[in-house]
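What you see below is based on every heavy atom in this structure, not just the backbone, and it leaves out hydrogens, waters and symmetry mates.
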Amino acid sequence: MNHRVFSLAFLVVILGGLIGLAQTQVNKDVASRASHDYSELNKSPAKARNRLNPFQNDPDSVAAGQLLFEDHCTECHGTTGEGGKKGPNLRAPEVQNATDGTLFWLLTNGVAWRGMPVWSRLPEAQRWQLVRYVKSLGIRDGLKPDPKP
C-alpha cells in the first residue's frame, strides 16, 4: 500500500515538473515575440513593397537561401528562424505576410537601431534567395505545432 502511495506521489511530482517546464517554454515564446518590434516592415516604400522576387519560381533558390541564412542569420534569428534575444521570429505572421519586396528592402537597408546589419553588400540575387528561404519557413508563433511535416 505504501509503495502505491509513494509511486503515485512520485508521479504527481514528476508530472507537475513537466507541466511547469512546458509552461515556462510557452512563457518564453510569448515573451520573445512580445519583445520584438515588427514595425520596420511597415516602413518600406510602395515601390519596394511591390517588387517581385525574380527567384519566385526557382526551386533551387530556397536551398541556396538556406545556406546563406545559416552563414549570416542564425546567430540572431536561430537555426529554425524562430528568433532569439537579438532577432525576431521570422516565422511570425508579420514577417510571413509581408511581401517579398518588403523583406528584400529590409535586408538591403537593415535595422540599425535594432542591431540588424545592412546587407546591401550581399549580391542582389543572394538577398532574393534569402527572402525565398525566409518565406519557405511558414508561420509558426511558438505556440502552435509546425504545420509542415
Side-chain angles (χ1 to χ4, degrees), residues 10-149:
F10 181 75
L11 183 62
V12 167
V13 168
I14 294 298
L15 285 175
L18 290 174
I19 290 169
L21 285 173
Q23 185 61 44
T24 298
Q25 184 59 45
V26 168
N27 290 342
K28 283 181 183 177
D29 291 338
V30 170
S32 175
R33 171 111 190 235
S35 70
H36 294 295
D37 181 2
Y38 295 91
S39 65
E40 289 296 315
L41 293 167
N42 300 322
K43 295 181 181 179
S44 66
K47 185 176 180 179
R49 268 194 313 273
N50 295 327
R51 286 188 72 184
L52 300 177
N53 190 334
F55 293 94
Q56 184 58 40
N57 296 316
D58 178 2
D60 296 330
S61 64
V62 174
Q66 181 177 6
L67 293 174
L68 292 163
F69 185 86
E70 290 168 356
D71 285 345
H72 301 291
C73 309
T74 57
E75 181 181 339
C76 296
H77 296 286
T79 57
T80 61
E82 291 186 30
K85 290 181 182 178
K86 290 183 180 181
N89 180 356
L90 300 178
R91 292 177 161 206
E94 294 87 344
V95 175
Q96 292 298 312
N97 293 328
T99 67
D100 286 6
T102 295
L103 297 179
F104 181 84
W105 177 83
L106 197 66
L107 277 170
T108 301
N109 295 291
V111 185
W113 68 277
R114 297 292 292 174
M116 181 175 165
V118 172
W119 292 106
S120 60
R121 294 177 69 190
L122 202 61
E124 185 172 321
Q126 291 182 346
R127 284 178 273 149
W128 283 118
Q129 290 168 338
L130 273 168
V131 170
R132 281 281 287 139
Y133 176 68
V134 167
K135 290 293 236 167
S136 78
L137 296 173
I139 294 175
R140 183 166 179 196
D141 62 11
L143 302 175
K144 300 174 189 168
D146 194 345
K148 294 182 181 181

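Contact between L41 and T102 at its shortest, heavy atoms only, is O-CG2, 3.3 Å. The minimum heavy-atom distance between R114 and D37, with the atom names listed, is NH2-N, 4.0 Å. V134 and Q96 make their closest contact through O-NE2, 2.8 Å (heavy atoms, listed as atom of the first residue, atom of the second, distance). When all heavy atoms of A92 and Y38 are compared, the pair lying nearest together is CB-OH, 3.5 Å. Closest non-hydrogen pair, K135 versus L103, comes out as CD-CD1, 3.8 Å. Looking at every heavy atom in both residues, N89 comes nearest to G81 through OD1-O, 3.2 Å.
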Trace of the side-chain contact (heavy atoms from CB on, under 4.5 Å) decision for R91 with I139: CA-CA 5 Å; R91 292 177 161 206; I139 294 175; 5.8 Å; no
Go through L106 and S44 one step at a time and tell me if the side-chain contact (heavy atoms from CB on, under 4.5 Å) criterion holds. CA-CA 7 Å; L106 197 66; S44 66; over 6 Å; no
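Scanning for ring pair (Phe, Tyr, Trp, His ring centres under 6.0 Å) contacts around Y133 gives F69, with sequence neighbours left out. Remark: W119 pairs with H72 by the ring pair (Phe, Tyr, Trp, His ring centres under 6.0 Å) rule, at least two apart or across chains.
Inter-residue side-chain proximity for V118 and N109 is flagged as unmet; no heavy-atom pair is nearer than 4.5 Å. Side-chain contact between T99 and N50 is absent, with no heavy-atom pair separated by less than 4.5 Å. Residues W128 and P54 have side chains in contact (heavy-atom distance under 4.5 Å, counting atoms from C-beta outward).
Note that the CG atom of L107 and the CZ atom of R127 stand 8.0 Å from one another [nearest 0.5 Å]. The structure places CG of L68 at 11.5 Å from OG1 of T74, a figure rounded to the nearest 0.5 Å. With rounding to the nearest 0.5 Å, the separation of CG in L90 from CG in L137 is 7.0 Å.
With R132 contributing its side chain and F55 its backbone, the two residues share a donor-acceptor pair below 3.5 Å. In this structure, the side chain of H77 engages the main chain of P88 through a donor-acceptor pair within 3.5 Å.
Pairs of residues two or more places apart, or lying in two chains, that qualify as salt bridge (Lys or Arg N to Asp or Glu O under 4.0 Å) and include a residue from residues 42-69 are E40-K43, R51-E124.
For Q56, the CD atom is densely surrounded, since the number of other residues' heavy atoms within 6.0 Å is greater than 12. Atom CG of L52 is surrounded by 12 or fewer heavy atoms from other residues, nucleotides or ligands within 6.0 Å. Around atom CG of N57, no more than 12 heavy atoms belonging to other residues, nucleotides or ligands sit under 6.0 Å away.
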